[in-house]
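A short write-up of the structure that comes next.
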Amino acid sequence: EKSEEAIAALKKSLELDPQSVNAAITLGQIYLLQERQAEARQVFVDALNRQPENIDVMLAAATFYLNTGQIDDAKTLYEKALNQDAKNSTAATGLAEVYLARNEPGMARSVIQQFQAAQKDALPDDIALRIRFIVGRAYLFEGNFQEAMPHLQIVSERLPNVMMAQYSY
């Protein structure tokens, strides 16, 4: 199977160059897609041990942790990445998602506000929409539908499939 060939090639690449961030991240993501969480976790842990200050490794591992319900581990890495780069949208939105997962919508909004304050330029549309989606959901968590609706309406108009996927059962 092609994915097994890719895994073998990525493992070989890591043997030849253990510092290869791209190979480690890709291997971890393939394992995650195959629902091989233990193997994915080990790849990310090894990459973090080899390069603890590499922001790409931090963010890939944090996203893995968030997606597998390891919220505290995700929070630690997103905070570390955001401290390293206050303008990093993946770190900011990831940390905000952590706070939503912890049912702390006020903290999620606070992270987003701090991130927005650090920006000098307008945000790309995809990031702006992701922020609106997070802020809208934070207000929903608090039961503040009046504040939530303008954010979620814009997301729904621009990305209807995101809204359907988030709230379909």
Side-chain angles (χ1 to χ4, degrees), residues 3 6-7 10-11 13-121 123-142 151 155 159 162 165-166:
S3 62
I7 288 171
L10 290 165
K11 284 181 173 181
S13 177
L14 284 170
E15 285 175 23
L16 297 172
D17 180 9
Q19 301 300 317
S20 176
V21 171
N22 290 337
I25 290 171
T26 303
L27 181 59
Q29 290 170 337
I30 289 172
Y31 282 145
L32 183 59
L33 288 172
Q34 292 183 338
E35 298 181 9
R36 294 163 66 176
Q37 288 185 11
E39 290 164 291
R41 180 175 177 47
Q42 191 58 54
V43 168
F44 289 122
V45 167
D46 291 346
L48 282 168
N49 286 336
R50 284 192 302 274
Q51 298 188 50
E53 300 304 315
N54 184 303
I55 198 164
D56 294 327
V57 173
M58 279 186 254
L59 293 173
T63 302
F64 164 76
Y65 290 141
L66 179 62
N67 289 334
T68 57
Q70 299 168 71
I71 303 303
D72 292 338
D73 291 331
K75 180 179 181 286
T76 298
L77 289 174
Y78 282 131
E79 287 174 338
K80 186 175 178 182
L82 202 52
N83 286 333
Q84 189 172 318
D85 179 7
K87 294 182 180 183
N88 188 295
S89 64
T90 302
T93 57
L95 184 57
E97 291 286 357
V98 163
Y99 282 119
L100 289 179
R102 292 169 54 139
N103 199 24
E104 297 179 44
M107 288 298 296
R109 282 197 329 276
S110 176
V111 167
I112 293 300
Q113 288 166 349
Q114 290 171 20
F115 168 72
Q116 288 175 314
Q119 304 306 308
K120 291 185 177 151
D121 300 319
L123 294 170
D125 282 350
D126 61 325
I127 295 169
L129 285 171
R130 184 163 185 205
I131 286 172
R132 282 195 175 276
F133 191 51
I134 291 167
V135 171
R137 287 173 32 236
Y139 281 124
L140 275 183
F141 283 22
E142 295 171 330
H151 296 283
V155 174
L159 301 169
V162 169
Q166 183 73 22

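- Contact check for L48 versus L77: side-chain heavy atoms found under the 4.5 Å cut-off.
- Between K11 and E15 there is no salt bridge, since none of the side-chain N atoms of the basic residue sits less than 4.0 Å from a carboxylate O of the acidic one.
- Between the side chain of R109 and the backbone N or O of A138 there is no donor-acceptor pair closer than 3.5 Å.
- Using a 4.5 Å heavy-atom cutoff, the side chains of F141 and E104 are not in contact.
- Applying the salt bridge (Lys or Arg N to Asp or Glu O under 4.0 Å) test to pairs two or more places apart or on separate chains, those with a residue in residues 88-99 are E97-R137.
- Side chain to side chain, Q42 and D46 meet the donor-acceptor criterion of an N or O pair below 3.5 Å.
- Counting heavy atoms from C-beta on, the side chains of K80 and E53 come closer than 4.5 Å.
- When side chains are defined from C-beta on, L123 counts as touching F115, because their heavy atoms get closer than 4.5 Å.
- With contacts defined as side-chain heavy-atom distances shorter than 4.5 Å, the pair L159/R132 does not qualify.
- L82 places none of its side-chain heavy atoms less than 4.5 Å from the side chain of Q114.
- At a threshold of 4.5 Å between non-hydrogen side-chain atoms, the residues N88 and L59 count as touching.
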Check your understanding: Going through the distances and angles, do Q34 and I7 end up as a side chain to side chain contact (heavy atoms under 4.5 Å, CB included)?
Key -> CA-CA 11 Å; Q34 292 183 338; I7 288 171; 3.5 Å; yes
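- Between M107 and R102, the closest side-chain pair of non-hydrogen atoms is not below 4.5 Å.
- Listed for the N83 side chain is a donor-acceptor partner under 3.5 Å among the backbone atoms of E79.
- T93 and Y78 are not linked by any side-chain donor-acceptor pair at a separation below 3.5 angstrom, with hydrogens and angles left out of the test.
- Using bins of under 30°, 30° to 60° and over 60° for the plane-to-plane angle, the ring pair H151/Y139 lands in the parallel bin.
- Q51 contributes a side-chain N or O that, together with a main-chain N or O of Q19, makes up a donor-acceptor pair within less than 3.5 Å.
- The two residues V111 and A92 come nearest to each other via the heavy atoms CG1-O, 3.3 Å.
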